[in-house]
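Proteins get letters first, then strands, A, B, ... in listed order; numbering begins at 1 in each. Quick caveat, the model's predicted, so the values are computed rather than measured.
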Amino acid sequence: MAEEKGKITPQSQDFPQWYQDVIREADLAEVAKVVKGCMVIKPHGYAIWEKIQADLDKRFKATGHKNAYFPMLIPMSFLTKEAEHVEGFAPEVAVVTHAGGKKLPEGEEYAIRPTSETIIGHFFGKWIESHRDLPLLINQWANVIRWELHTRMFLRTTEFLWQEGHTAHANHDESMEEVMRMLNVYGDFAESVMAMPVIRGQKTESEKFAGAASTFCIEAMMRDGKALQAGTSHDLGQNFGKAFDVKFQTESGQVDYVWQTSWGVSTRLVGALVMSHSDDTGLILPPKLAPIHAVIVPIYRKTEERAAVLEAGHKLAADIREKGFCVEIDDRDGKRPGDKFYEWERKGVPMRIELGPRDIAAGTAVTKLRVGGEKVPRSLATLASDLPAVMDGFQAFLLDRAKQFRAENTVTVDSWKEFLEVFEAGQSKFVWAHWDGSRETEAAVKEETKVTIRCIPLPGQGPDSEPGACVKTGKPSACRVLFAKAY
RNA sequence: CGGGGCGUAGCGCAGUCUGGUAGCGCGCCAGCUUUGGGAGCUGGAUGUCGAAGGUUCAAAUCCUUUCGCCCCGACCA
């Protein structure tokens with residue numbers, strides 16, 4: 001347990017420790033300690049979440065959704081209305097039993113929301129009367145609490161921040177269209193903004209959301225070969241419509257229950273970002289989510305040099321800001337340039353710009369990208385205008401690298417022996433293998449290997465669909481599914 | 001809830017067996033010299049030794065009680 005400041009445990013030595021070290025050294029967050037299972041998201045970490053929020057929020061609005069906010073306290077009775085939903089969430093719900101200095105009367109306790117299907121369902125019931133009120137497309141940015149036993153920063157904490165979309169539709173075709181639309185919003189976001197390739201698929205019965213008719217997800221590969229569910233989109237069918245009596249009058253005058261969906265991503269995405277790109281030097285951020293795109297490190301010896309360098313630095317910073325990028329000048333005295341280089345690398349800033357007397361004389365600055373780059377001198381006159389292309393290139397580089405990593409760690413497996421070999425000694429890869437479709441087989445595989453079915457791929461997301469024999473039982477299978485160890 | 005471990009300066013730890021002035025490293029503060037890949041020297045500040053009780057001339061150290069945290073096993077975005 002090397003909690004030593006300034007040190008990052010190599011990935012290859014201890015991946016979970018590496019993850020903690022990167023978060024600490026990049027100053028993203030810290031374990032709250034005084035509050036069980038919770039974390040403090042520090043400014044640099046929160047800035048990344050704000051970038052994620054801003055981009056997603058735009059996408060939600062572009063697809064017709066409106067933001068709203070519902071109470072964090074939910075009457076306990078609401079949670080019990082949908083049978084599978086209670087069963088799924090009961091063990092991890094925190095309940096308010098006392099308020100106003102008194103114990104609340106029996107049956108009047110409140111749950112702190114673990115998710116909002118129930119309370120939103122209740123209000124949908126009040127708001128929806130006619131097919132003319134549909135579709136109703138709502139999103140909420142909120143915090144939720146789930147009393148988890150094992151917590152890990154960003155990946156699983158007692159309280160986390162998320163976004164939950166809740167929609168109601170007049171028929172199943174329309175609600176399914178919404179489920180897929182939002183799954184694709186998440187998929188596109190993951191790939192084009194987070195530079196994180198994902199596989200879109202459907203969850204098996206045992207992995208689906210409690211109370212959903214079906215659950216769809218995007219699954220990403222972390223740098224240890226494990227899978228991380230990065231987003232979900234649920235077809236709720238009419239389950240919550242019936243539980244909360246959300247009825248509407250159809251065009252033909254009949255009365256029907258609404259068809260609902262819900263979909264969400266959380267601050268877990270910050271953890272996904274860390275584990276998708278970062279290395280033994282620290283955090284690596286794709287430009288589209290970097291709170292700081294470039295940092296200027298001034299270099300000088302004498303006071304006159306300092307003044308000249310800082311002046312040139314501020315001018316360069318102004319040029320860069322004009323192009324829409326965020327740049328910082330690290331003019332702290334008493335810290336030497338080398339120390340600053342390491343610090344900004346740990347924080348994942350995509351580009352470093354060194355500016356010293358030699359550069360100013362030559363009209364250049366020395367630039368270096370966070371990954372794989374040589375030091376490149378660039379003209380002060382064109383640096384800012386070159387930046388959009390450079391950042392786009394870096395963004396594309398990270399996506400390509402992640403795709404390549406995933407390709408190298410994805411295998412097609414046809415025998416149980418081979419399956420065991422892939423996952424032995426705590427290893428994980430993405431494995432495409434046949435499955436007989438039974439809950440029992442899925443459970444047996446999990447029991448024996450801790451490997452789960454991450455998803456049944458949507459068309460084009462996995463190998464070409466061809467029938468085969470289940471890797472575990474040999475029984476017939478319609479297509480290959482994605483197996484992996486998961487977070 | 002079962003098994004294991006740990007609480008001493010902001011962080012990481014030594015000291016506990018064998019009771020006797022509260023220590024080390026990093027960080028922090030001040031000054032000088034430094035500054036193109038983690039600076040050096042000098043000086044300085046910081047502790048209810050997790051908490052309560054007991055034994056003793058004397059407790060971080062021994063005894064009792066208690067609280068908290070971490071790791072491993074059953075749930076999960």
Side-chain angles (χ1 to χ4, degrees), chain A residues 1-8 14 16-17 20-21 24-25 30-37 87-93 114-115 142-152 154-164 186 203 206-210 212 215 217-220 227-234 262-272 281-282 297-303 305-306 309 330-346 352-362 364-368 375 377 446-447 450 452 454 486-487:
Chain A
M1 226 168 299
E3 284 285 296
E4 210 175 327
K5 245 187 161 180
K7 252 201 191 152
I8 295 176
D14 183 346
Q17 187 60 52
Q20 304 282 8
D21 290 349
R24 183 190 65 244
E25 292 303 315
E30 69 180 60
V31 176
K33 293 210 172 144
V34 289
V35 187
K36 193 175 164 62
E87 203 187 318
F89 281 100
E92 52 186 75
V93 169
T115 180
N143 57 339
V144 291
I145 290 216
R146 297 183 186 177
W147 217 257
E148 303 284 358
L149 294 165
H150 280 164
T151 55
R152 244 184 299 200
F154 291 111
L155 301 178
R156 181 167 300 113
T157 46
T158 299
E159 179 184 13
F160 57 94
L161 306 181
W162 78 347
Q163 145 288 306
E164 46 182 327
Y186 290 151
K203 285 292 185 191
S206 55
E207 295 272 334
K208 77 171 194 201
F209 176 74
T215 288
C217 60
I218 53 171
E219 294 284 331
L228 184 79
Q229 180 175 314
T232 49
S233 186
H234 312 292
S262 69
W263 28 274
V265 297
S266 70
T267 35
R268 169 179 266 200
L269 289 180
V270 178
T281 309
V297 178
I299 294 157
Y300 47 82
R301 288 160 186 268
K302 303 176 215 114
T303 330
E305 281 179 352
R306 182 175 189 276
V309 165
D330 188 352
D331 61 357
R332 287 174 295 177
D333 275 325
K335 232 179 179 10
R336 302 168 93 218
D339 199 15
K340 294 177 183 177
F341 296 167
Y342 279 98
E343 179 173 334
W344 293 110
E345 278 169 10
R346 286 192 307 248
R352 178 179 82 228
I353 301 168
E354 298 170 32
L355 192 59
R358 291 208 299 262
D359 301 296
I360 292 173
T364 61
V366 175
T367 65
K368 187 172 188 296
K375 287 191 180 186
K446 186 176 181 182
E447 169 78 18
K450 294 195 177 165
T452 51
R454 301 319 305 154
Y487 276 94

Measure the distance from [atom1] on [X] to [atom2] on [N] and round it to the nearest whole Å.
X	N	atom1	atom2	value
Glu164(A)	A77(B)	CD	C1'	12 Å
Leu355(A)	U35(B)	CG	P	17 Å
Phe341(A)	G37(B)	CZ	P	6 Å

Span that lies between the [atom1] atom of [M] and that of [N], in whole angstrom:
N	M	atom1	result
U16(B)	G50(B)	P	15 Å
C62(B)	G15(B)	C1'	16 Å
G10(B)	C57(B)	C1'	37 Å
G20(B)	A58(B)	C1'	7 Å

| said: The side chain of Ile299(A) is closest to which nucleotide in this list: U35(B), G73(B), A39(B)? | reply: U35(B)

| said: Once you apply a heavy-atom cut-off of 4.0 Å, does Leu228(A) come out as touching a base, just sugar-phosphate, or nothing? | reply: nothing

| Touch class at under 4.0 angstrom, heavy-atom based, for Gln229(A) against every strand present | sugar-phosphate

| query | Below 4.0 angstrom, N of the basic side chain to O of the carboxylate: do Lys203(A) and Glu219(A) qualify? | reply | yes

| Heavy-atom count around Lys368(A) NZ within 6.0 Å, excluding the residue itself: above 12? | yes

